[in-house]
Amino acid sequence: MVRMNQGQGETSYARNSSIQSAQQNRMKPLIEAAIVDLCSSINSSTVFPRKMLIADLGCSSGPNALALVSIAVEAIHNHCLQFQQSPPEVCVLLNDLPENDFNAVVKSLVTLRQSNELVVMTSVTPGSFYKRLFTSGSLHLVCSSNSLQWLSKAPEHLTRNQIPAYDIDENARLERLPMVLEAYAQQFRKDFTLFLKLRARELVSGGRMVVSVIGRPSYVIASKFFHLWEIVAQILSVMTSEGVIDKAKFDSFYVPLYGPSCKELREIIQEEGSFSLRVMREHDPTTDYDNTFVTPSRFLNHLRAIFEPIILQHFGEVMDEFVRTAERRWSVEGSMQDECARNPRVMLVASLAKA
């Protein structure tokens with residue numbers, strides 16, 4: 001199970017999710033268009049819906065937890081005002097793993113209910129989105145941001161055969177790299193296909209889905225590890241070579257994370273067949289923030305917000321040394337801008353309609 005750092009501390013996800021917030025803003029026009037299209041298509045065949053169910057899968061916690069559903073609720077409100085329709089009752093459903101900081105999320109839900117002119121009911125649904133979460137044919141809109149790059153588990157081919165995902169020996173790592181990357185790609189294909197099948201069962205006929213996932217640019221061939229995973233693995237490998245971490249522990253460390261290309265995402269959607277792809281966009285996330293973000297201390301907080309729970313679970317109390325190793329590495333090898341440039345990434349956004 002993978003969760004973000006909880007609470008409101010310096011290395012919490014709530015304090016280190018400004019990049020994710022900017023990426024959610026990129027989803028806003030697609031969510032608004034999906035609501036307009038959904039309301040219009042329902043209007044053309046029957047009366048305006050009396051209720052609408054909206055779900056955010058992988059909501060996490062902090063200021064971003066309500067961002068996507070708030071965009072959808074506002075879009076419904078604006079549509080009703082424009083066409084002088086009686087607004088439907090709206091049910092907002094927030095999902096994440098049971099380990100998520102739902103206490104903070106629930107407090108935010110009270111604000112959502114009180115700050116809107118619509119009748120908005122709210123609920124949380126703990127659980128993996130790689131399993132059924134809602135009743136059949138109940139949802140009108142599903143949103144998910146910065147979550148689907150997380151796999152349901154590490155690739156079985158690697159774990160079962162005890163093949164390290166990131167070998168400390170560079171020659172062995174390069175030799176195994178194609179096999180390791182293919183194992184991760186196949187696990188992503190399996191997981192995302194399952195995700196589409198499950199959501200197709202839960203959505204109403206003509207229901208909509210808007211999702212974003214962090215992936216790799218189309219011009220980058222599948223010959224490198226995922227951006228953040230490789231940076232973390234390099235730091236941990238130095239700690240292993242220096243004896244801070246046991247090599248057997250390092251070899252058995254698998255981060256269930258994969259960054260697909262736009263082509264991969266499109267192919268899986270088409271092959272699974274439950275959805276028609278309305279829009280697919282590829283965006284460089286580095287254009288959403290000032291380069292002053294990329295300093296060792298701030299970037300370390302960003303890494304810790306995402307990876308600290310899984311590192312602590314596997315290695316124990318090693319984060320102080322992790323920080324020291326990272327700071328030493330970056331002071332020797334150059335700026336964080338150079339580090340990120342060597343590991344490009346993109347945000348992929350897709351708007352889908354249930355076929």
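The basis for the numbers below is simple: all heavy atoms, side chains too, and nothing from hydrogens, waters or symmetry mates.
Residue pairs meeting the salt bridge (Lys or Arg N to Asp or Glu O under 4.0 Å) criterion with at least one partner in residues 119-128, sequence neighbours excluded, are absent. Listed by first then second residue, pairs satisfying salt bridge (Lys or Arg N to Asp or Glu O under 4.0 Å) with a partner in residues 78-93 number zero, not counting sequence neighbours.
Residues passing the salt bridge (charged side-chain N to carboxylate O under 4.0 Å, His left out) test with E170, sequence neighbours excluded: none. Applying the side chain to side chain contact (heavy atoms under 4.5 Å, CB included) rule to R201 yields the partners R132, S136; only residues at least two apart in sequence or on another chain are considered. Applying the side chain to side chain contact (heavy atoms under 4.5 Å, CB included) criterion to R324, with sequence neighbours excluded, gives D320, E321. Judged as a salt bridge (charged side-chain N to carboxylate O under 4.0 Å, His left out), and not counting sequence neighbours, R281 has no contacts. By the side chain to side chain contact (heavy atoms under 4.5 Å, CB included) test, L277 is found to be paired with R266, I269, M280, A350, L352, residues two or more places apart in sequence or in another chain being considered. In terms of the salt bridge (charged side-chain N to carboxylate O under 4.0 Å, His left out) criterion, residue partners of K197 (sequence neighbours excluded) are, by chain and number, E272. Remark: H314 engages F253 in a ring pair (Phe, Tyr, Trp, His ring centres under 6.0 Å) (not counting sequence neighbours). For the ring pair (Phe, Tyr, Trp, His ring centres under 6.0 Å) test, no residue two or more places apart in sequence or in another chain qualifies with F322. With sequence neighbours excluded, the residues forming a salt bridge (charged side-chain N to carboxylate O under 4.0 Å, His left out) with D251 are K247, listed by chain and number. Listed by chain and residue number, R189, K263, E271 satisfy the side chain to side chain contact (heavy atoms under 4.5 Å, CB included) test with E267 (two or more places apart in sequence, or in another chain).
Remark: the backbone N or O of A248 is paired with a side-chain donor or acceptor of D246 at under 3.5 angstrom. Between the E308 side chain and the A305 main chain, no donor and acceptor come within less than 3.5 Å of each other. At least one donor-acceptor pair under 3.5 Å links the side chain of D191 to the backbone N or O of S152. Although no hydrogens or angles enter the test, the distance criterion places no donor-acceptor pair under 3.5 Å between the side chain of Q162 and the main chain of T159. Put simply, the side chain of S212 gets close to the backbone of N146: a donor and an acceptor are under 3.5 Å apart. Panel note: side chain R216, backbone G259; a donor-acceptor pair is recorded below 3.5 Å. In terms of modelled atom types and a separation under 3.5 Å, the side chain of E202 and the main chain of F134 share a donor-acceptor contact. Of the possible donor and acceptor atoms, none in the side chain of K249 sits under 3.5 Å from a partner among the backbone N and O of F315. In this structure a side-chain-to-backbone donor-acceptor pair under 3.5 Å is present from N95 to T125. The backbone N or O of D96 lies less than 3.5 Å from no partner atom in the side chain of N100, so there is not a single donor-acceptor pair.
In this structure, Y184 and P256 approach most closely via the heavy-atom pair CE2-CA, 4.5 Å. The heavy-atom pair separating D101 from S61 by the smallest distance is O-CB, 3.7 Å. Nearest heavy atom pair, residue I168 against residue S241, reads CD1-N, 3.7 Å. Here the shortest heavy-atom pairing between Y130 and L148 reads OH-O, 3.7 Å. Taking every heavy atom of both residues into account, F275 and L203 meet most closely at CE2-CD1, 3.6 Å. In this structure, V142 and L139 approach most closely via the heavy-atom pair CG2-CD1, 3.6 Å.
Side chains of I76 and P88 form a contact here, defined as non-hydrogen atoms less than 4.5 Å apart. Q187 places none of its side-chain heavy atoms less than 4.5 Å from the side chain of Y258. Between V232 and V255 the shortest side-chain heavy-atom distance does not fall below 4.5 Å. Proximity of V211 to V349: side-chain heavy atoms (C-beta onward) are nowhere separated by under 4.5 Å. Residues V124 and L93 are not in side-chain contact: their nearest non-hydrogen atoms beyond the backbone lie 4.5 Å or more apart. Within the 4.5 Å cutoff, the side chain of F307 has heavy atoms near those of the L257 side chain. A heavy-atom distance below 4.5 Å is not found between the side chains of L348 and H283. Contact of the L194 side chain with the K131 side chain is not registered, since no non-hydrogen atoms from C-beta on lie closer than 4.5 Å.
Annotation: the span from S147 atom OG to L57 atom CG amounts to 8.0 Å, rounded to 0.5 Å. If you take CD1 on I163 and OG on S252, they are separated by 13.5 Å, rounding to the nearest 0.5 Å. Rounded to the nearest 0.5 Å, atoms OH (Y166) and CH2 (W229) are 8.5 Å apart. Here the NE2 atom belonging to H140 is positioned 10.5 Å from the OG atom belonging to S205, to the nearest 0.5 angstrom. The distance from atom OG of S237 to atom CD1 of I245, rounded to the nearest 0.5 Å, is 9.0 Å. Distance check, rounded to the nearest 0.5 Å: NZ of K28 to CG of L30 gives 12.5 Å.
Ring geometry, F195 versus F192: the interplanar angle falls under 30°, so the pair is classed parallel (tilted spans 30 to 60°). Classification of the F299-H302 ring pair by plane angle, with boundaries at 30° and 60°, yields tilted.
One hydrophobic cluster, built from ILVMFWY side chains closer than 4.5 Å, cannot hold both L174 and V180; they sit in different ones. By the rule that hydrophobic residues join a cluster once side-chain heavy atoms approach within less than 4.5 Å of another member, V279 and L68 end up as members of one cluster. Cluster membership check: L303 shares its hydrophobic cluster with L312, using side-chain heavy-atom separations under 4.5 Å among Ile, Leu, Val, Met, Phe, Trp and Tyr. Neither L228 nor V238 shares a network with the other; the hydrophobic side chains, linked directly or stepwise wherever heavy atoms of I, L, V, M, F, W or Y lie under 4.5 Å apart, form separate groups for each.
Screening I71, N78, V73, L141 for a side chain to side chain contact (heavy atoms under 4.5 Å, CB included) with I35, the sole residue that qualifies is L141.
More than 12 heavy-atom neighbours from other residues, nucleotides or ligands sit within 6.0 angstrom of CD on E242.
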